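Bear in mind the structure is a predicted one, so any value in this text is a computation, not a measurement. FYI, the numbering just counts along the sequence from 1. Just so you know, ligand 1 is whichever comes first in the structure, and atom 1 is the first atom listed for that ligand.
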Amino acid sequence: MSKRGIRNYGGPAGGWGALKAVGQALQDQHTVVEGAMTLLHANQPDGFDCPGCAWPDPKHTSSFEFCENGAKAVAWEATSKRATPALFAAHTVTELRTWSDHALEDTGRLTEPMAYDPGSDRYLPISWDDAFAQVGVALRALDHPNQAEFYASGRASNEAAFLYQLLGRRFGTNNFPDCSNMCHEPTSVGLPDSIGLGKGSVTLEDFDHADLILSFGHNPGTNHPRMMATLREVARRGAGILVFNPLKERALERFASPQDPVEMATLGSTEIASRYYQPTLGGDAALVQGMMKALIAWDIEAAAAGRPPVLDHDFIAEHTLGFDALAADLSAQDWGDLERASGLARALIEEAARTYAEAKAVILCYGMGLTQHRNASSTVQQLVNLLLLRGNIGRAGAGICPLRGHSNVQGDRTVGVWEKPTEAFLAGMDGVFNFRSPREHGHTVVEAIAAMERGDARLFIGLGGNFAVAAPDPLRTFAALRRLDLCVHIATKLNRTHLLTGKASLLLPCLGRTEMDHQASGKQAVTVEDSMSMVHASRGLNPPASPHLKSEIAIVAGIGKAAFGATDPVDWDALAGDYDQIRELIAAVLPKQFADYNAKIRVPGGFRLPVAPSDRVWTTPSGKAHFLSFAATAGDPRQGDPQVLLLTTLRSHDQYNTTIYGQNDRYRGVFGRRDVVFAHADDLAARGLKDGDAIDLTAAFDASGERVVRRFTAIARDLPRGCLAAYYPETNGLVVLDDHDQRSGTPAYKSVPVRLRAAAS
Ligand SMILES: Nc1nc2c(c(=O)[nH]1)N[C@H]1C(S)=C(S)[C@@H](COP(=O)(O)OP(=O)(O)OC[C@H]3O[C@@H](n4cnc5c(=O)[nH]c(N)nc54)[C@H](O)[C@@H]3O)O[C@H]1N2
Ligand SMILES: Nc1nc2c(c(=O)[nH]1)N[C@H]1C(S)=C(S)[C@@H](COP(=O)(O)OP(=O)(O)OC[C@H]3O[C@@H](n4cnc5c(=O)[nH]c(N)nc54)[C@H](O)[C@@H]3O)O[C@H]1N2
Ligand SMILES: [Mo]
């Protein structure tokens with residue numbers, strides 16, 4: 001009974017299961033014909049950018065590429081279900097709070113602006129004009145601009161994001177907490193010190209020239225499914241793929257392409273990983289340091305024996321600083337410590353290093369398994385060190401490839417949604433808009449929550465997302481939001497954050513990517529930037545889910561006009577009426593990146609932003625790339641307590657962040673449920689437990705005893721001793737707010753110290 005819905009999944013990822021799942025997703029959202037038509041326009045030159053992920057698509061210029069989870073994302077948005085005022089009349093907010101995250105979003109698309117009425121505990125309809133006026137009044141009533149928080153989720157287009165940051169900066173704050181703070185912030189913080197730019201250096205074409213891919217901490221079969229086509233090509237032409245992941249992810253083992261008639265007809269598949277290493281959670285930095293220690297030692301031996309060098313000394317001399325310090329640091333590291341901290345034996349680390357040393361061109365990919373840890377920014381820098389040692393950056397087939405999350409999270413940052421903007425960006429803003437942007441840095445997500453808790457923040461605007469559920473520590477976060485004077489949510493669907501009402505709350509429904517956007521000057525396109533810095537246009541084709549919807553841009557402009565008045569030098573109406581004008585402003589503020597923006601996006605496929613490291617140009621203060629070291633083996637998240645285990649919190653195959661499409665996680669063999677935790681059988685046995693037992697998880701170092709997840713089922717799986725895995729967001733209650741990467745503020749969602757015991761009955 002307790003192992004209900006748990007099976008072994010024997011097949012490859014992809015294949016017929018993926019096709020079947022798409023049919024089911026369309027059926028569940030009552031959009032079989034329209035949804036299927038919509039899918040044909042995903043990532044097409046005249047179509048919309050798929051909201052599923054930020055992996056680039058060569059097909060922005062050609063034919064349809066099948067993607068199961070892209071299809072789910074599209075079906076979810078193009079659903080025929082509606083959350084109308086009748087839904088809100090029928091249920092109080094208190095009642096809605098008892099619904100599951102899935103049930104809330106499954107009510108369908110929001111159709112009209114709504115305002116919370118504390119008297120009846122219900123959301124009631126409000127006119128757009130009244131809603132905008134209310135936000136304007138509330139903004140003007142604040143004692144200081146820093147009392148407002150402008151949150152953004154990474155789906156917003158460049159145009160919406162640019163206008164949003166203009167609104168916030170015009171108002172006088174840099175408080176732009178965004179989903180990136182919970183995601184790839186260690187990339188944005190770590191990479192600039194190393195290579196001068198917080199973005200990836202490779203293009204899609206580089207994958208054709210690499211002879212080795214290193215894959216750290218990401219699960220592309222679920223989260224970047226279109227990447228599987230690329231990895232499959234790489235594997236089929238005989239290049240190596242080393243996977244470093246504590247969990248055995250099926251898609252990284254075997255994949256069947258739904259686009260390959262032979263593989264489909266013969267039920268065949270392609271082996272993806274040439275070698276699969278299972279380090280301990282958070283062990284990656286020590287693992288990479290072990291690889292580098294081996295490489296440097298072999299290089300010294302080679303020199304002594306007169307053999308060809310292992311390292312690229314010309315590259316190191318011409319392009320880098322800090323090699324000697326790194327080498328000294330690594331030679332002082334103890335192999336025993338590195339083995340313990342990485343969870344891998346020296347022989348395995350050396351094997352990986354040997355494979356790396358023998359490869360001519362290497363791409364290193366990574367995701368949340370790397371970034372959501374206490375030392376994540378420094379860990380990202382170790383990845384760069386490894387590449388620099390052999391000049392594996394800025395040449396064909398080589399470089400660093402962070403897999404971004406939301407489909408435009410990288411673009412939002414490029415156009416200014418950043419709590420720590422550069423002086424150059426602010427100066428650009430000041431020059432174009434003729435006001436002085438604030439210089440004081442703003443809040444990250446974690447800092448914003450703390451500010452709300454203290455009462456220092458009084459107004460929250462969310463441009464998409466599900467702030468409270470995505471953030472750590474609901475115990476503190478939920479309470480913090482409820483203290484606010486006004487919460488404003490710009491959203492497509494109802495979620496729990498909207499139900500954590502402040503003294504006043506507004507729900508402002510917007511168009512999604514798949515929908516047509518008509519404004520004063522006619523039909524509009526927006527633009528987005530993918531993980532590889534390609535910018536292209538996106539045009540929705542479906543009729544809007546409701547005639548009352550406004551575009552995100554129109555809503556931000558509406559707030560701007562209400563806040564600053566009709567005589568404001570920024571002509572908010574004109575910008576909302578013609579997105580070309582917004583792009584002209586972006587180009588004026590960021591001329592190096594966006595000159596001729598409007599012309600360039602009219603070319604199918606768009607254009608690539610300048611990425612200096614791709615050309616071996618390092619925009620660091622020294623003009624060089626930097627080897628950077630840190631003590632990867634110091635510190636113990638278990639604080640020496642053998643009872644403490646580390647928990648990683650992940651996505652199932654049927655979810656998009658806090659959006660839960662369904663209860664299955666096909667490739668991990670979980671069906672119809674999410675209340676499970678994967679553990680090593682010996683860790684269960686050591687606690688008198690076994691596969692299938694009901695268990696409770698508690699935050700290990702929380703004196704309150706209130707951070708508990710109850711009555712989950714333990715499932716024995718192949719993962720390292722001392723490590724657990726469970727789904728996000730159900731386990732966010734175990735993540736303490738202050739437990740984050742010190743440099744980037746990114747919560748340590750992937751190494752949460754917990755205790756596991758039999759469920760209290
Ligand atoms: N369908 C779908 N697509 C998505 C999303 C979604 O939720 N659903 N979310 C989008 C977003 S915002 C993001 S950021 C990306 C997320 O994409 P991923 O980065 O793939 O996200 P996770 O599911 O968190 O998976 C992390 C992977 O890292 C591994 N891992 C965990 N801890 C460690 C560790 O300490 N070391 C190593 N080496 N590996 C570890 C896990 O086993 C897992 O395979 O996907 C984007 N695309
Ligand atoms: N424990 C744990 N926590 C995590 C993570 C983890 O791995 N583990 N991952 C973190 C990561 S990487 C991220 S990026 C965050 C995600 O944090 P968010 O980006 O805040 O969350 P989402 O779940 O993507 O937001 C879903 C909501 O966005 C709204 N929405 C959808 N499409 C649109 C649109 O087109 N426009 C507008 N305006 N709204 C829209 C809908 O109302 C929907 O309910 O979560 C983080 N939290
Ligand atoms: Mo993300």
If you look at every heavy atom in [X] and [Y], which pair is closest and at what distance?
| X | Y | answer |
| --- | --- | --- |
| Pro720 | Asp683 | O-OD2, 4.4 Å |
| Arg404 | Ser188 | NH1-OG, 3.9 Å |
| Gly745 | Val446 | O-CG2, 3.8 Å |
| Leu500 | Cys487 | O-SG, 4.2 Å |

List every atom of ligand 2 that sits less than 4.0 Å from any heavy atom of [X], numbering the atoms from 1 in the order shown and giving each element.
| X | result |
| --- | --- |
| Ile490 | 37 (C), 38 (N), 39 (N) |
| Asn495 | 27 (C), 42 (O), 43 (C), 44 (O) |
| Asn732 | 1 (N), 2 (C), 3 (N) |
| Gly464 | 37 (C), 38 (N), 39 (N) |
| Tyr151 | 17 (O), 18 (P), 19 (O), 20 (O) |
| Cys510 | 36 (N), 37 (C), 38 (N) |

Side chain, backbone, both or neither: the part of Arg513 lying under 4.0 Å from ligand 2 by heavy atom: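 The answer is neither; Arg513 stays 4.0 Å or more away.
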State whether a side-chain donor-acceptor pair under 3.5 Å links [X] with [Y].
| X | Y | answer |
| --- | --- | --- |
| Ser407 | Arg513 | yes |
| Glu112 | Thr84 | no |
| Thr222 | Arg651 | no |

I'd like to know if Thr492 contacts ligand 2, where contact means a heavy-atom distance under 4.0 Å to any ligand atom.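 Contact present.
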Just checking His489 against Tyr151, ring centres under 6.0 Å apart?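 Distance test on ring centres: not under 6.0 Å, no.
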Is any side-chain heavy atom of Asp741 less than 4.5 Å from a side-chain heavy atom of Glu185?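 Not touching, per the 4.5 Å side-chain cut-off.
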Do Lys248's NZ or CZ and the ring of Tyr276 fall within the cation-pi criteria of under 6.0 Å and 45°?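 Yes, Lys248 sits over the ring of Tyr276.
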N or O contacts of ligand 1 with protein under 3.5 Å, please list pair by pair.
{"from": "ligand 1", "atom 1": "1 (N)", "to": "Asn69", "atom 2": "ND2", "distance (Å)": "3.3"}
{"from": "ligand 1", "atom 1": "1 (N)", "to": "Thr222", "atom 2": "O", "distance (Å)": "3.1"}
{"from": "ligand 1", "atom 1": "3 (N)", "to": "Asn223", "atom 2": "O", "distance (Å)": "3.3"}
{"from": "ligand 1", "atom 1": "7 (O)", "to": "Arg651", "atom 2": "NE", "distance (Å)": "3.1"}
{"from": "ligand 1", "atom 1": "7 (O)", "to": "Asn657", "atom 2": "N", "distance (Å)": "2.7"}
{"from": "ligand 1", "atom 1": "7 (O)", "to": "Asn657", "atom 2": "OD1", "distance (Å)": "3.3"}
{"from": "ligand 1", "atom 1": "8 (N)", "to": "Asn223", "atom 2": "OD1", "distance (Å)": "3.4"}
{"from": "ligand 1", "atom 1": "8 (N)", "to": "Gln655", "atom 2": "O", "distance (Å)": "2.7"}
{"from": "ligand 1", "atom 1": "9 (N)", "to": "Arg651", "atom 2": "NE", "distance (Å)": "3.2"}
{"from": "ligand 1", "atom 1": "9 (N)", "to": "Asn657", "atom 2": "OD1", "distance (Å)": "3.1"}
{"from": "ligand 1", "atom 1": "17 (O)", "to": "Asn223", "atom 2": "ND2", "distance (Å)": "3.3"}
{"from": "ligand 1", "atom 1": "19 (O)", "to": "Met368", "atom 2": "N", "distance (Å)": "2.8"}
{"from": "ligand 1", "atom 1": "20 (O)", "to": "Asn219", "atom 2": "N", "distance (Å)": "2.8"}
{"from": "ligand 1", "atom 1": "20 (O)", "to": "Asn223", "atom 2": "ND2", "distance (Å)": "2.9"}
{"from": "ligand 1", "atom 1": "21 (O)", "to": "Asn223", "atom 2": "ND2", "distance (Å)": "3.2"}
{"from": "ligand 1", "atom 1": "23 (O)", "to": "Asn223", "atom 2": "ND2", "distance (Å)": "3.1"}
{"from": "ligand 1", "atom 1": "23 (O)", "to": "Arg651", "atom 2": "N", "distance (Å)": "3.2"}
{"from": "ligand 1", "atom 1": "24 (O)", "to": "Arg651", "atom 2": "NH1", "distance (Å)": "2.9"}
{"from": "ligand 1", "atom 1": "24 (O)", "to": "Lys750", "atom 2": "NZ", "distance (Å)": "2.7"}
{"from": "ligand 1", "atom 1": "28 (O)", "to": "Gly217", "atom 2": "O", "distance (Å)": "3.4"}
{"from": "ligand 1", "atom 1": "32 (N)", "to": "Thr648", "atom 2": "OG1", "distance (Å)": "3.2"}
{"from": "ligand 1", "atom 1": "35 (O)", "to": "Gly282", "atom 2": "N", "distance (Å)": "2.7"}
{"from": "ligand 1", "atom 1": "35 (O)", "to": "Gly369", "atom 2": "O", "distance (Å)": "3.3"}
{"from": "ligand 1", "atom 1": "35 (O)", "to": "His373", "atom 2": "NE2", "distance (Å)": "2.9"}
{"from": "ligand 1", "atom 1": "36 (N)", "to": "Asp284", "atom 2": "OD2", "distance (Å)": "2.7"}
{"from": "ligand 1", "atom 1": "36 (N)", "to": "Gly369", "atom 2": "O", "distance (Å)": "3.3"}
{"from": "ligand 1", "atom 1": "38 (N)", "to": "Phe244", "atom 2": "O", "distance (Å)": "3.0"}
{"from": "ligand 1", "atom 1": "38 (N)", "to": "Asp284", "atom 2": "OD1", "distance (Å)": "2.7"}
{"from": "ligand 1", "atom 1": "38 (N)", "to": "Asp284", "atom 2": "OD2", "distance (Å)": "3.4"}
{"from": "ligand 1", "atom 1": "42 (O)", "to": "Asn245", "atom 2": "OD1", "distance (Å)": "2.7"}
{"from": "ligand 1", "atom 1": "42 (O)", "to": "Glu249", "atom 2": "OE2", "distance (Å)": "3.4"}
{"from": "ligand 1", "atom 1": "44 (O)", "to": "Asn245", "atom 2": "ND2", "distance (Å)": "2.8"}
{"from": "ligand 1", "atom 1": "44 (O)", "to": "Glu249", "atom 2": "OE2", "distance (Å)": "2.6"}
{"from": "ligand 1", "atom 1": "47 (N)", "to": "Asn223", "atom 2": "O", "distance (Å)": "2.8"}

Evaluate Glu77 for polar contact with ligand 2, using N/O atom pairs at a separation under 3.5 Å.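 In fact, backbone or side chain, Glu77 has no N or O that close.
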Can you check whether His498 has an N/O within less than 3.5 Å of an N/O in ligand 2?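 The answer is no, given that His498 and ligand 2 share no N or O pair closer than 3.5 Å.
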Which label fits Phe244 and Phe216: parallel for a plane angle under 30°, tilted from 30 to 60°, or perpendicular past 60°?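 If you compare the ring of Phe244 with that of Phe216, the planes turn out parallel.
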